[in-house]
Amino acid sequence: GAGVSQTPSNKVTEKGKYVELRCDPISGHTALYWYRQSLGQGPEFLIYFQGTGAADDSGLPNDRFFAVRPEGSVSTLKIQRTERGDSAVYLCASSLRSGRGYNEQFFGPGTRLTVL
Amino acid sequence: GNSVTQMEGPVTLSEEAFLTINCTYTATGYPSLFWYVQYPGEGLQLLLKATKADDKGSNKGFEATYRKETTSFHLEKGSVQVSDSAVYFCALTGTSGTYKYIFGTGTRLKVLA
């Protein structure tokens, strides 16, 4: 079946602009995660959705970052007034969530954001 | 808070050499531990996992044992191939809540023919 998909694969924008990054999770996966991977670093957690609600947004760096998942499937990460420091690969992952316990997260290919 | 420390790379080995990539962690409770691999131009893939102390995860000839006494989860392979060249990430999740991953910084492995 289809894996996690992310669009666009690459996004180049200018400082101060607004961007939206899209994630399509695996069908039936209720949990969705966003991570950010800076050059030479491991991915860092941004936000977690269980269904439509953001259950944990403790990783969002500041209020310029916002994410939604209005129908419990597709999610959009939104960045306002982009800064050069926002340049990174933004990863999305999804997993089943059937009560307690760990479920494997499946990662998308990422969106490479470059802020000039 | 929880954290993961893994050895810095790059690690360069000849084909058929023995591989060890060290990973240690700091966590409350009993986290689950993982190794992910990122091949050139591809996304993150789960390589192996262990969910409780003394468990051994294995896949594609790679192994790692969850050692609670040393808070370690070192990745090993007895004979590496050129196709193993990639970046390897050690990661953990907590035992409740969001199950978000905490990753190490990654170790680049280059295997020479």
Side-chain angles (χ1 to χ4, degrees), chain A residues 2-7 9-10 23-26 29-51 53-60 67 69 88-112, chain B residues 1-10 21-27 29-52 55 57 59 66 73 75 86-108:
Chain A
V4 178
S5 62
Q6 294 186 243
T7 54
S9 55
N10 280 284
C23 172
D24 278 271
I26 293 171
H29 281 192
T30 59
L32 186 146
Y33 302 77
W34 283 99
Y35 295 84
R36 178 167 72 172
Q37 187 175 11
S38 300
L39 191 64
Q41 300 296 313
E44 294 180 312
F45 169 77
L46 295 177
I47 187 169
Y48 157 67
F49 289 89
Q50 179 57 37
D56 182 353
D57 64 358
S58 62
L60 295 178
R69 194 185 185 199
V89 176
Y90 289 81
L91 298 170
C92 178
S94 70
S95 73
L96 293 169
R97 189 62 186 268
S98 54
R100 295 170 61 87
Y102 159 77
N103 288 284
E104 179 182 345
Q105 293 181 31
F106 295 83
F107 283 82
T111 294
R112 182 177 298 278
Chain B
N2 295 349
S3 66
V4 173
T5 302
Q6 60 181 109
M7 64 187 285
E8 291 189 17
I21 300 178
N22 290 337
C23 172
T24 57
Y25 68 89
T26 301
Y30 299 87
S32 294
L33 302 174
F34 310 88
W35 279 99
Y36 272 80
V37 59
Q38 192 169 38
Y39 297 104
E42 298 185 17
L44 279 169
Q45 301 175 27
L46 179 65
L47 181 59
L48 54 84
K49 69 178 187 286
T51 57
K52 62 182 188 295
D55 268 3
N59 186 27
Y66 186 164
F73 193 55
L75 182 68
V87 181
Y88 292 82
F89 293 93
C90 186
L92 65 80
T93 65
T95 54
S96 62
T98 65
Y99 296 98
K100 61 192 176 189
Y101 282 124
I102 295 173
F103 286 90
T105 54
T107 302
R108 181 175 299 277

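Keep in mind it's a predicted model, so treat the numbers as computed, not measured. Note on naming: letters A, B, ... go to the chains in the order of the sequence lines (proteins, then strands), and numbering restarts at 1 for each one.
Listed by chain and number, the residues in a salt bridge (Lys or Arg N to Asp or Glu O under 4.0 Å) with B:D55 are B:K52 (sequence neighbours excluded).
Relative ring orientation between A:H29 and A:F106 is described as tilted, the plane-to-plane angle lying within the 30° to 60° band.
Of the candidates A:L91, A:L46, A:D57, A:L60, A:W34 forms a side-chain contact (heavy atoms from CB on, under 4.5 Å) with just one, namely A:L46.
Using a 4.5 Å cut-off between heavy atoms, A:Q37 touches chain B through its side chain atoms alone. Using a 4.5 Å cut-off between heavy atoms, B:Q38 contacts chain A through its side chain alone, with no backbone atom that close. Contact annotation for A:S9: neither backbone nor side-chain heavy atoms come within less than 4.5 Å of a heavy atom of chain B.
Within the 4.5 Å cutoff, side-chain heavy atoms of A:F45 are placed close to those of A:D56.
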